[in-house]
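This report refers to the structure that appears directly beneath it.
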Amino acid sequence: MKLADNKATLSFSNGTPSVDLPVYQGNIGPDVIDIRKLYGQSGMFTYDPGFLSTASCQSGITYIDGDKGELLYRGYPIEQLATKADYLDTCYLLLKGELPDAKQRGDFHDLVLHHTMVHEQMQFFLRGFRRDAHPMAVLTGLVGALSAFYHDSTDINNAEHRDVAAIRLIAKMPTLVAMAYKYGIGQPFIYPRNDLSYAGNFLHMMFATPCEEYKVNPVIERAMDRIFTLHADHEQNASTSTVRLCGSSGTNPFAAIAAGVACLWGPAHGGANEACLNMLEDIQRQGGVAKVGQFMEQVKDKNSGVKLMGFGHRVYKNYDPRAKLMQETCDEVLGALGLENDPLFKLAKALEKIALEDDYFVQRKLYPNVDFYSGIVQRAIGIPVNLFTGIFTLARTVGWIAQLNEMISDPEYKIGRPRQLFTGSVRRDVPTSVKR
Ligand code: ACO
């Protein structure tokens with residue numbers, strides 16, 4: 001970390017001596033005030049629920065400029081990665097810091113594509129779930145269970161174990177997501193095919209059956225790969241911070257990633273794509289485009305509890321760059337499948353148009369996020385709504401691993417242990433009358 005020329009001075013109105021705090025500069029983005037010694041010097045904590053002004057770590061992986069609507073993985077703009085590289089190149093970049101050369105690319109693709117099978121016993125573990133279990137419930141369990149199936153790569157402090165666990169997770173996640181899907185619909189599991197691309201193999205495991213081969217459509221394959229790339233990492237969001245916090249105790253990588261899966265499930269985070277499509281379907285059932293105005297009134301009414309899902313972001317106060325790329329993919333996929341007149345797509349466009357012009361959204365800088373169009377693309381591909389967050393999980397796994405490994409290698413890392421402002425009862429005695 002680079003010390004800035006200036007320092008921060010915190011003064012108090014009650015005569016407590018002021019405290020000087022160092023300021024550090026990143027390569028881009030806001031400086032940070034280092035408050036680590038604040039408690040020792042002043043006996044006070046800082047208070048920042050929701051981390052609105054708190055950097056929880058230093059990181060060199062992903063940078064977001066929320067005002068500009070810019071997303072960089074290791075310095076490369078997401079728009080360039082989405083068009084000039086594929087998901088596995090992006091995985092390599094996130095994990096190792098640089099894009100691969102031709103040889104590294106071939107070796108990495110080979111390595112991942114030859115570790116796609118999961119331990120045969122995993123299917124018996126999976127069969128313990130109810131058929132109607134939500135795929136995210138199944139995935140949280142399956143990913144956690146990987147530590148039981150692959151216990152030779154569970155030492156988070158061993159760099160080789162971390163590398164092996166990383167490849168295993170990236171390679172096997174599509175297999176697990178496809179297995180969760182097949183189990184839910186009562187079809188046999190389809191084994192991976194190592195001759196297909198990462199995205200192509202996932203589509204094969206999802207849609208082939210023992211009776212019929214699935215012919216991978218290159219437009220769909222590209223769309224799937226783009227969905228993976230756009231979701232690969234997003235700096236210190238809720239699930240990534242969960243993975244870091246969980247991993248900070250020294251637990252194994254599979255357990256830490258399982259914690260991330262659980263966090264991602266929530267509708268304010270990864271579950272938003274599912275919630276967004278459910279919202280579009282609800283409006284469609286109630287009358288479609290004609291009901292958009294009425295729906296927007298509900299969204300703007302604070303008492304209604306209704307949000308425009310797929311809109312708004314903690315960091316982006318401009319168009320989410322991933323939403324633009326996803327809209328492009330949406331056009332391409334619907335065109336290739338002859339679904340240009342898809343009513344949900346029309347509805348989404350109508351909602352977006354109104355929201356972008358409406359004062360409520362303009363004043364609060366609420367723009368579409370990546371989830372606004374990703375649900376429509378996935379639905380067109382044939383992915384059921386309740387699997388959308390599972391696809392996000394698959395894609396984000398690499399980001400979680402890269403961030404976890406970065407944390408473990410950071411000499412400044414400590415077990416995460418936030419403090420609190422206590423507002424409960426002060427010490428009191430248990431009344432004797434409780435004993436019965
Ligand atoms: N619809 C209507 N109003 C909204 C929305 C929305 N989607 N998002 C934010 N607002 C309003 C809030 O009510 C608040 O209004 P107020 O200032 O009058 O009280 C204001 O905009 C600021 O919003 P916050 O909730 O403070 O923003 P925060 O950063 O805490 O939340 C979040 C961000 C959770 C993403 C929120 O915008 C939201 O719930 N969006 C819908 C869910 C969604 O699409 N999530 C996906 C996020 S991207 C991802 O995980 C891939």
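One-based numbering along the sequence shown. Just so you know, these numbers come straight off a predicted model, no measurement behind them. Counting convention: from 1, in listed order, for ligands and their atoms alike.
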Requested in this report: Could you verify whether a donor N or O on one side chain and an acceptor N or O on the other, from Arg168 and Ser153, lie under 3.5 Å apart?
Outcome: yes

**Report entry** Parallel, tilted or perpendicular: ring planes of His313 versus Tyr316, cut at 30 and 60 degrees
**Finding:** tilted

Query raised in the report: Relative to the ring of Tyr367, is the ring of Tyr319 parallel (under 30°), tilted (30 to 60°) or perpendicular (over 60°)?
Result: tilted

Query raised in the report: Between Tyr214 and Phe207, how do the two ring planes meet: parallel, tilted or perpendicular, split at 30° and 60°?
Result: tilted

Report task. Classify the angle between the aromatic ring planes of His119 and Phe149 as parallel (below 30°), tilted (30 to 60°) or perpendicular (above 60°). Result -> tilted

Query raised in the report: Relative to Tyr92, does Lys96 satisfy both conditions: NZ or CZ under 6.0 angstrom from the six-membered ring centre, and within 45 degrees of the ring's axis?
Result: yes

Report summary line: Residues with a heavy atom under 4.0 Å from ligand 1, by chain and number, are Ala268, His269, Ala272, Val299, Lys302, Lys307, Leu308, Met309, Gly310, Phe311, Gly312, His313, Arg314, Tyr360, Arg364, Leu366, Asn369, Val370, Asp371, Phe392

